[in-house]
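Note that these values count all heavy atoms, side chains included, but never hydrogens, waters or copies made by symmetry.
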Amino acid sequence: MIADGHGKAFGFALAPGQAHELPLAPAMLDSLPAIPLWVVADKGYASNAFRERIWDMAARPAIPAKRRDDPVACPKWAYRCRHLVENLWARLKEWRAVATRYEKTATSFLAVIHIAAAADWIKP
């Protein structure tokens with residue numbers, strides 16, 4: 001998921017249940033309408049190739065290194081904004097169909113996520 005600086009959903013990509021989301025992340029960056037100042041992600045996205053992709057688009061990565069990797073510069077003040085995405089997932093999971101993955105097909109589940117995100121955009 002990509003969220004804006006206010007914690008509202010901007011884009012989704014659905015990975016198979018047994019696969020990691022990192023291969024989908026560069027394509028999600030391509031779908032942005034403008035270049036962000038920072039790209040904030042958790043340790044699951046800690047990849048030198050992904051960080052390079054972020055630097056190549058003239059943004060700054062705020063992705064901490066995994067425990068086994070060499071330390072990288074990750075400003076704590078920028079990384080603290082990650083809670084906006086976590087809060088967004090919490091709001092989307094208020095929808096029972098999202099929380100329990102009620103829909104059987106990936107297309108239907110992605111449609112429910114889009115509907116829940118649209119309702120979240122409308123909320124004041």
Side-chain angles (χ1 to χ4, degrees):
M1 172 187 338
I2 290 182
D4 65 3
H6 303 288
K8 297 293 185 175
F10 193 79
F12 296 96
L14 191 60
Q18 71 279 10
H20 195 272
E21 299 93 12
L22 183 58
L24 301 175
M28 298 270 304
L29 292 176
D30 291 337
S31 68
L32 293 173
I35 297 170
L37 295 176
W38 292 91
V39 175
V40 182
D42 63 1
K43 289 183 182 183
Y45 293 90
S47 160
N48 290 334
F50 186 54
R51 284 191 189 97
E52 286 296 321
R53 171 71 179 87
I54 294 168
W55 281 110
D56 289 344
M57 64 182 287
R60 296 178 184 167
I63 306 170
K66 292 183 180 178
R67 194 176 307 168
R68 69 179 192 284
D69 294 339
D70 295 330
V72 295
C74 177
K76 288 185 180 183
W77 64 267
Y79 187 67
R80 286 188 192 119
C81 294
R82 193 174 68 85
H83 76 89
L84 295 171
V85 176
E86 299 298 333
N87 293 347
L88 172 61
W89 271 119
R91 288 192 309 272
L92 293 180
K93 285 185 177 182
E94 289 174 1
W95 289 58
R96 182 180 291 176
V98 174
T100 61
R101 200 179 189 295
Y102 182 77
E103 300 298 324
K104 301 281 187 251
T105 64
T107 306
S108 298
F109 181 61
L110 196 56
V112 168
I113 289 177
H114 280 98
I115 292 168
D120 185 60
W121 266 96
I122 294 170
K123 276 188 200 175

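- A single hydrophobic cluster is not seen to contain both Leu92 and Leu84; linkage of ILVMFWY side chains at heavy-atom distances under 4.5 Å, directly or through other members, places them apart.
- With contacts defined as side-chain heavy-atom distances shorter than 4.5 Å, the pair Tyr45/Ile54 does not qualify.
- Shortest non-hydrogen contact noted between Met28 and Gly11 is CE-O, 3.5 Å.
- Smallest separation of non-hydrogen atoms from Ile35 and Ala58: CG2-O, 3.8 Å.
- Remark: Lys123 pairs with Glu94 by the salt bridge (Lys or Arg N to Asp or Glu O under 4.0 Å) rule, at least two apart or across chains.
- Although no hydrogens or angles enter the test, the distance criterion places no donor-acceptor pair under 3.5 Å between the side chain of Arg53 and the main chain of Trp55.
- Paired with Arg51 under the rule side chain to side chain contact (heavy atoms under 4.5 Å, CB included), one option of Asp56, Val39, Val72 passes, and it is Val72.
- In terms of heavy-atom proximity, Ala117 sits nearest to Ala9 at CB-CB, 3.8 Å.
- Linking Ile, Leu, Val, Met, Phe, Trp and Tyr residues whenever their side-chain heavy atoms come within less than 4.5 Å leaves Leu37 and Phe10 in two separate clusters.
- In terms of heavy-atom proximity, Leu22 sits nearest to Ser47 at CD2-CB, 3.8 Å.
- Linking ILVMFWY side-chain heavy atoms closer than 4.5 Å, directly or via other members, places Ile122 and Ile115 in two distinct hydrophobic clusters.
- Contact annotation: the side chain of Cys81 never approaches that of Trp38 to less than 4.5 Å [non-hydrogen atoms, C-beta and beyond].
- In this structure, NE2 on His83 lies 12.0 Å from CG on Leu88, to the nearest 0.5 angstrom.
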Step by step, work out the side-chain contact (heavy atoms from CB on, under 4.5 Å) result for Phe109 and Lys104.
-> CA-CA 7 Å; Phe109 181 61; Lys104 301 281 187 251; over 6 Å; no
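- Listed here is the closest heavy atom pair of Val98 and Ala116: CG2-CB, 4.2 Å.
- With contacts defined as side-chain heavy-atom distances shorter than 4.5 Å, the pair Met1/Ile113 does not qualify.
- Remark: Tyr79 pairs with no residue by the ring pair (Phe, Tyr, Trp, His ring centres under 6.0 Å) rule, at least two apart or across chains.
- In this structure, the side chains of Met57 and Pro36 come closer than 4.5 Å at one or more pairs of heavy atoms.
- Within the 4.5 Å cutoff, the side chain of Val112 has no heavy atoms near those of the Tyr102 side chain.
- Of all the heavy atoms in Arg91 and Gly7, the pair that sits closest is NH2-O, 2.6 Å.
- Taking a 6.0 Å sphere around NZ of Lys93, one finds it holds 12 or fewer heavy atoms contributed by other residues, nucleotides or ligands.
- Under a hydrophobic-cluster definition in which Ile, Leu, Val, Met, Phe, Trp and Tyr are linked whenever side-chain heavy atoms come within less than 4.5 Å, directly or via other members, Phe12 and Leu24 are assigned to different clusters.
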